[in-house]
Structure formats: structure tokens, C-alpha cells
Peer 1: 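Please see the structure below; I have some questions.
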Amino acid sequence: MTLKLNLTPELESCLIKQAEIEGVSVESYAVEILTKHLFADERREKLVDLLQNWIEETEPQEQQETGEYLIKALDNDRLSDRQLFPDELKGVTW
């Protein structure tokens, strides 16, 4: 389908600039942003379903172990000696 649009000079300038940044034609960029916008609800629903499946399929013990591992990894991989997750704040701030 061919579509003719009357854009304000500001919108046209912005569209051209963004297409140049993306390295694509203005037409391709316009189709891309229209597609993203028109199917945003569908994409959001799929992501919510995926996250919900992860939550339901993962064992609580496994989630706990993964969380503790990540906290330790973040604290150990720092230039500073100050911990991000000190033991005395467990259950208070995290």
C-alpha cells in the first residue's frame, strides 16, 4: 500500500534525522516506527506471558539461590571494598 502523508516541517526534519542515525531510508524508518507502535500491545502481552511463565516454572529455591549468587557476584566484582549488599541490611533494603 502506498500512503501519502503531509508532515509538518518539524516532524519531517525529525524523521529524516532519525532515519540517518539508524542508517536507513526515511521510508524504511517510517514503516519501522509504525510497526513498533501498532503492534506494541501485542509485543507487550507476549513479554508479560513469557515473564509469567518464567515465574511459574522456576522453583522458589532456585530463584533464592540465583538471587544470592548475583548479590555475591556484584559485591565481589567491585573496585571498592564497600559492599552494595551488606549482610546487616538483608531483609531491610533488599
Side-chain angles (χ1 to χ4, degrees):
M1 173 173 134
T2 300
L3 183 64
K4 183 177 178 179
L5 300 172
N6 293 317
L7 305 176
T8 64
E10 295 85 14
L11 185 55
E12 180 182 6
S13 174
C14 182
L15 187 64
I16 292 169
K17 181 179 175 182
Q18 291 300 316
E20 288 174 355
I21 289 171
E22 295 292 322
V24 296
S25 69
V26 174
E27 293 83 3
S28 295
Y29 185 70
V31 169
E32 180 184 331
I33 60 176
L34 281 170
T35 301
K36 285 181 180 177
H37 177 74
L38 293 174
F39 295 108
D41 289 342
E42 182 179 315
R43 288 177 49 226
R44 188 176 306 111
E45 285 178 22
K46 286 180 181 179
L47 289 172
V48 167
D49 289 344
L50 178 62
L51 290 172
Q52 189 62 43
N53 284 338
W54 285 348
I55 290 169
E56 291 170 358
E57 291 176 3
T58 305
E59 296 292 325
Q61 181 62 31
E62 182 182 343
Q63 288 181 0
Q64 182 70 31
E65 291 170 2
T66 302
E68 289 174 6
Y69 171 80
L70 290 173
I71 287 170
K72 287 178 185 175
L74 288 169
D75 274 339
N76 291 336
D77 192 23
R78 295 177 42 79
L79 297 175
S80 170
D81 289 334
R82 185 180 69 82
Q83 291 183 321
L84 289 174
F85 303 97
D87 290 332
E88 61 270 11
L89 295 179
K90 185 174 184 176
V92 177
T93 60
W94 56 277

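Here the structure is a predicted model, which is why all the values come from computation and not from measurement.
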Peer 1: How long is the gap from CG on L5 to CG on L11, to the nearest 0.5 Å?
Peer 2: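 One finds 9.0 Å between CG of L5 and CG of L11.
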Peer 1: Nearest 0.5 angstrom please: E20 CD to E22 CD, how far?
Peer 2: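 The distance works out to 11.5 Å.
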Peer 1: Is there a path of hydrophobic side-chain contacts, each under 4.5 Å between heavy atoms of I/L/V/M/F/W/Y residues, joining I33 to L38?
Peer 2: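 The answer is no; the residues belong to distinct hydrophobic clusters.
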Peer 1: Should we say atom CD of E88 is surrounded by more than 12 heavy atoms from elsewhere, each under 6.0 Å from it?
Peer 2: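 Enclosed: over 12 neighbouring heavy atoms sit under 6.0 Å from CD of E88.
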Peer 1: Determine whether R44 and D41 make a side-chain contact, defined as any pair of heavy atoms from C-beta on separated by less than 4.5 Å.
Peer 2: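 In contact.
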Peer 1: Is any side-chain heavy atom of V31 closer than 4.5 Å to one of E27?
Peer 2: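 Side chain of E27 against side chain of V31, heavy atoms only: no contact under 4.5 Å found.
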Peer 1: Ignoring hydrogens, what is the shortest heavy-atom contact between A19 and S25? Give both atom names and the distance.
Peer 2: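 Minimum heavy-atom separation between A19 and S25: CB-O, 3.9 Å.
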Peer 1: Rounded to the nearest 0.5 Å, what separation is found between the OG1 atom of T66 and the CD atom of Q61?
Peer 2: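 Rounded to the nearest 0.5 Å, the OG1-CD separation comes out at 9.5 Å.
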Peer 1: Drop me the distance from L89's CG to L84's CG, to the nearest 0.5 angstrom.
Peer 2: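 Rounded to the nearest 0.5 Å, the CG-CG separation comes out at 11.5 Å.
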Peer 1: Check for me, please, whether L3 and L7 land in the same ILVMFWY cluster - side-chain distances under 4.5 Å, paths through other members count.
Peer 2: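 Yes, L3 connects to L7 through the hydrophobic network.
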Peer 1: I'd like to know if the side chain of D75 and the backbone of F85 have a donor-acceptor N/O pair within less than 3.5 Å.
Peer 2: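 Confirmed, D75 side chain pairs with F85 backbone.
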Peer 1: Between S13 and P9, is there a donor-acceptor pair closer than 3.5 Å when you use the side chain of the first and the backbone of the second?
Peer 2: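 Judged by distance alone, no pair lies under 3.5 Å.
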Peer 1: Kindly work out whether a path of hydrophobic side-chain contacts (I/L/V/M/F/W/Y, heavy atoms less than 4.5 Å apart) joins Y29 to M1.
Peer 2: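 Same cluster: Y29 reaches M1 through Ile, Leu, Val, Met, Phe, Trp or Tyr contacts under 4.5 Å.
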Peer 1: Closest approach of R43 and K36, non-hydrogen atoms and distance?
Peer 2: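 Closest heavy-atom pair between R43 and K36: NH1-O, 4.1 Å.
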Peer 1: So that I can tick it off, tell me whether E68 and K72 are bridged by a salt bridge, with the cut-off set at under 4.0 angstrom between side-chain N and carboxylate O.
Peer 2: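 Answer for the salt bridge query: no.
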